Amino acid sequence: MHISDKVKQMPAYIFSELDRKKKVLKEKGIDVIDLGIGAPDLPTPSYIYDALVKEAKDPENHRYSNYNGCLEFRMAVADFYKKQYDVDLDPETEILTLIGSKEGIVHLIQAVINEGDKVLVPNPGYPVYRMGVHLAGGESVDLLLDQDQGFVPQFHLLSEQHLRDAKLMFLNYPSNPTTATIELATFIEAVSFAKKHHLIVAHDSAYHLVTFGNYQSPSILQVPNAKEYAVEIGSLSKSFNMTGWRIGYIVGNKAVIQALATLKSNLDSSQFLPIQKAAAVALRSDFQSVKANNMIIGARMEKLHAALINIGMQCDKPRGTIFLWAKVPSGFTSLSFTEKLRSEAAIIVTPGTAFGTVGEGYVRFALAVTMERIDETIRRLNRLELGKEIPS
Ligand SMILES: *Cc1c(COP(=O)(O)O)cnc(C)c1O
């Protein structure tokens with residue numbers, strides 16, 4: 001059969017492979033704890049699906065949406081940015097509906113680079129950036145994140161050579177997989193780097209509302225004049241437990257938004273109107289559901305974090321995301337520790353190498369199971385024999 005080289009060269013999405021291995025264990029009747037995939041286990045709050053049901057009953061909503069997304073949703077995004085970040089956005093020109101941010105990320109790359117152009121992608125980082133660059137015929141250049149520096153971008157490691165033909169740079173805070181969070185100063189530095197090297201900076205804010213304690217994650221658009229260089233990609237998936245709904249947005253630089261809108265108007269016809277309208281209700285809510293969610297995730301995080309420290313693993317305590325990013329015990333690699341957890345404890349985690357070469361030596365635990373399952377995870381971890389491994 002005729003299959004494109006681009007697709008043939010795509011490795012299977014790492015999470016499909018994890019799923020397959022999990023299925024094998026389950027078929028043997030083993031009680032598997034899945035801390036692999038990064039999707040919230042909690043339900044979408046009822047006020048959001050109630051809005052969906054109501055809107056779905058209106059035949060007006062069964063037609064095509066405006067290509068750029070329905071104005072009601074874009075206005076809700078604008079009002080959210082004003083309220084949350086004191087950032088002004090024009091819903092007509094500076095906001096576009098996405099069918100989930102994954103779609104937006106892949107198409108954004110195609111909208112801004114030509115074949116052979118370079119894109120700076122965080123290493124370790126969300127694998128979709130790198131795959132999106134591959135699909136666009138571009139070249140990914142590592143933007144190195146170093147734990148000793150708080151996983152902020154190490155711009156000084158990029159040479160003239162790396163930056164030649166570079167057009168776009170991705171950032172992601174609170175970060176998947178590193179769980180790193182930042183202050184506005186990092187975005188200020190990123191925007192001036194983008195300005196200096198004529199780059200577009202795309203900030204993926206998938207976890208912007210998934211934070212603990214008093215920490216508030218900044219928006220890159222809070223940097224003065226950021227709109228000249230930056231776009232920010234948002235998603236309702238993680239903050240409102242809406243992964244299956246496929247709803248997100250991109251905001252910021254007009255020219256970039258217009259380019260992506262042109263591309264997308266030839267590919268899709270935006271998202272189902274009732275989904276956009278229910279998402280508008282979510283963004284206009286008082287965020288009590290988000291706070292309640294964060295309390296639940298935060299409690300799981302605290303408990304599992306303490307247990308990892310207790311068995312001698314190194315792991316920074318995060319201020320956001322639904323993950324823990326832990327160093328594997330000495331004598332292990334990312335993969336050998338992942339295998340040990342699977343074969344000896346029936347715990348599925350993601351090897352750090354799934355997120356790039358710099359992920360070697362780490363594993364990612366997703367906090368997407370109930371507290372009972374976290375307790376069971378801890379019991380199994382405590383039974384593991386660590387430190388007696390032959391180095392691999
Ligand atoms: C989950 C995730 C996304 C994808 O979100 P969708 O809107 O559901 O496509 C994007 N970026 C990061 C870093 C994520 O972890």
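Whatever order the structure lists them in is the order used to number ligands and atoms, beginning at 1. Positions are given from 1, in the same order as the sequence printed here. Here the structure is a predicted model, which is why all the values come from computation and not from measurement.
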Which bit of S237 is near ligand 1, meaning a heavy atom under 4.0 Å away: side chain, backbone, both or neither? side chain

Which of the numbered atoms in ligand 1 are below 4.0 angstrom from a heavy atom of N176? 13 (C), 14 (C), 15 (O)

Does a side chain donor of either Y47 or S289 reach within less than 3.5 Å of an acceptor in the other side chain? yes

To the nearest 0.1 Å, how far is atom 12 (C) of ligand 1 from its closest protein heavy atom, and which atom is that? D204 OD2, 3.4 Å

Crowding at CD, E27 (>12 non-hydrogen neighbours, <6.0 Å): yes

I'd like to check which ligand 1 atoms, numbered from 1 as shown, lie under 4.0 Å from a non-hydrogen atom of N172. 13 (C)

Give a yes/no verdict on a cation-pi contact between K83 and F287, requiring under 6.0 Å between NZ or CZ and the six-membered ring centre and an angle within 45° of the axis. yes

Flag the pair F355 / Y362 as yes when their ring centroid distance falls below 6.0 Å, and as no otherwise. no

Which one holds for R246 and ligand 1: side chain close, backbone close, both close, or neither close, with close meaning a heavy atom under 4.0 Å? side chain

the protein heavy atom lying closest to atom 15 (O) of ligand 1 turns out to be Y207 OH, 2.6 Å

Contact atoms of ligand 1, heavy-atom distance to A206 under 4.0 Å: 10 (C), 11 (N), 12 (C), 14 (C)

With a 4.0 Å cut-off on N to O distance, would you call R380 and D31 a salt bridge? yes

Suppose I only count heavy atoms of G100 and a 4.0 Å limit; which atoms of ligand 1 are within that range? 7 (O), 9 (O)

Between the CG atom in L96 and the OG atom in S270, the distance rounded to the nearest 0.5 Å is 7.5 Å

Any side-chain donor near an acceptor of the partner, N123 and T357, under 3.5 Å: yes

Looking only at protein heavy atoms, which one is nearest to atom 1 (C) of ligand 1, and what is the separation? K238 NZ, 1.4 Å

Using a 4.0 Å cutoff against the non-hydrogen atoms of S235, which atoms of ligand 1 qualify? 5 (O), 6 (P), 7 (O)

Salt-bridge criterion met for R246 and E103 (N-O under 4.0 Å): no

Any idea which protein heavy atom is nearest atom 5 (O) of ligand 1, and the distance to it? S101 OG, 3.1 Å

